[in-house]
Amino acid sequence: MKITKAHINKLEDYLWEIPKSFKPQMRVPARVLASEPLLDAIMEDRSLAQLVNVASLPGIVGASLVMPDVHEGYGFPIGGVAATSYPEGAISPGGIGYDINCGVRLMVSDQKIHTIRDNLEELAKELYAQIPSGMGKGGQIRLSSKDMDTVLSKGAQWAVANGYGAEEDLAFMESKGRLPNADPSMVSDMAKKRGSNQLGTIGSGNHFVEVDYVEEIYDDDIAEAFGLYEGQVVVLIHTGSRGLGHQVATDYIRKMMSAMANYNIEVPDRELCCVPFNSSEGQDYFKAMCAAANFAWCNREVISWEVRTAWQNIFGPDIPLKLMYDVAHNIAKIETHKVNGQEAEVIVHRKGATRAFGPGFEELPLIYKDHGQPVIIPGSMGTCSYVLAGTAKSRELTFGSCCHGAGRRLSRTAAKKQVNAPVLKERLKDEGIFIEAGSFKGIAEEAPIAYKDVNMVVDTVRESGIAKRVAKLRPVAVVKG
DNA sequence: ATGTGC
């Protein structure tokens, strides 16, 4: 059945609900966090049908949720949050995504944009030279099978211990760059092989390394705590677990498709395949997912080292780049949330959604603790990005989650038809944004026109109260696959 | 997203 406005109730400004009564399979209502114009845009693709499907997941609690940057994905929409009861509720690889622990980190310099304007083109080229990018691309590091197991169990700590990272970065990463439940033996040899030369590589698609400057500060206190100020040059890194995470997802989706029947699980779409978290298949996947997440954190740490190398090559020694924060936006976590008025442990699936815990969260570095978790929102290439801070309200509305980006508006194919990439590249150069990319195809697919307006997305999360605006970033140099 | 596809 086609979902229309008639099926959607407005709960409050920026919060919409498709009630449980919409379909018999639904176990909880389906909720959309969006302004009305964004809701209209969301209704253009199959996001809401997928959101409704997710509401039938075994053990789902509260509501099936999507953020304002949602678009359709494999089974689950990208920009979705689903919490299932721990430990017997479902775990579903589709609710995490093929790129396990795809995420973003922000590094901050102590340079002002006007001091490096003349270096930007050179900087873009040097970053492109230092950071392997593109589909299937490997890097310099070849991991032995012993080192691979250490990466999978220790995450970013491996990079630090092996000269590709900085000890002081670890405290500034979600989960300190390491999920303790990882078990390398649950990751297939094929996945390990695919990942063995991919540490320190960004891949393709929407992944990038980008130099930005802070264009505007919205909250002085939080910006100061996060170490951000107007005019400051910063570096944004967006990538995940590459072929390794993709293979883990592929392996376990295949296993769950056949295992599902053993647990009498029926889902409205095969792509929602899942098993009970506490089943053997569920535990195996969770341990493998944690391992792939650790690979991704290590990858972003190694890329930071490459960025620091490029920085030194252009600006000389001793120009520090500090890690502001690193967030995952494709991951499942065991967390405590309020469910039907009671605190309960739940398995929170975030697929294209960022954890956004508010002030007081224990894991945060002391200097951030009074202000909530940094939430990093990359916009599309050549527009702008945001730094937000999580709030207490995110726990009430979205299981402590927020949006993760602008959200795709056009399919890759549609974007390629509409965009003349060489012209776009020149236009952006005229605006002072230098792009270095492996292919014009990649530039076309990632053109700003292919994305929603990130300002509208960020306005929604701000108005709904799940995050505060801290700073707006403007790109000046971009490396893409 | 991904050695683009059973």
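Everything numeric here is computed off the predicted structure, so don't read it as measured data. Residue numbers start from 1 in every chain, and the chains themselves are labelled A, B, ... in the order their sequence lines are given, proteins ahead of strands.
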Looking across every strand, which nucleic acid part, if any, lies under 4.0 Å from A:R254 by heavy atom: base, sugar-phosphate, or nothing? nothing

Classify the nucleic acid contact of A:G97 as base, sugar-phosphate or nothing, counting any heavy atom under 4.0 Å across all strands shown. nothing

A:Y98 atom OH is separated from B:dT2 atom C1', nearest whole Å, by 9 Å

Whole angstrom value for the distance that separates C1' of B:dT2 from OH of A:Y252: 18 Å

Residue list, ring-ring contact (aromatic ring centres under 6.0 Å, His included) with A:H71, at least two apart or on another chain: none

Tell me whether the side-chain N/O atoms of A:T250 come closer than 4.0 Å to OP1 or OP2 in B:dT2. no

Measure from NZ on A:K137 to P on B:dT4 and round the result to the nearest Å. 14 Å

Nearest-angstrom distance from the residue atom CD of A:E445 to P of B:dT4: 13 Å

Could you check how far CD of A:Q198 sits from C1' of B:dT2, rounded to whole Å? 9 Å

Classify the ring geometry of A:F277 against A:Y86: parallel below 30°, tilted from 30° to 60°, perpendicular beyond 60°. tilted

Geometric class of the A:F76/A:H349 ring pair [parallel <30°, tilted 30-60°, perpendicular >60°]: parallel

Rounded to the Å, how far apart are A:N299 CG and B:dT2 C1'? 14 Å

At 4.0 Å (heavy atoms only), tell me whether A:K351 reaches a base, stays on the sugar-phosphate, or touches nothing. nothing

Taken to the nearest 0.5 Å, the spacing of A:K322 NZ from A:S109 OG works out to 11.5 Å

Give the rounded distance in Å between these two atoms: NZ of A:K441 and P of B:dT2. 11 Å

Heavy atoms only, 4.0 Å cut-off, all strands: where does A:E72 land among base, sugar-phosphate and nothing? nothing

Separation of B:dG5 atom P from A:Y74 atom OH, nearest Å, is 12 Å

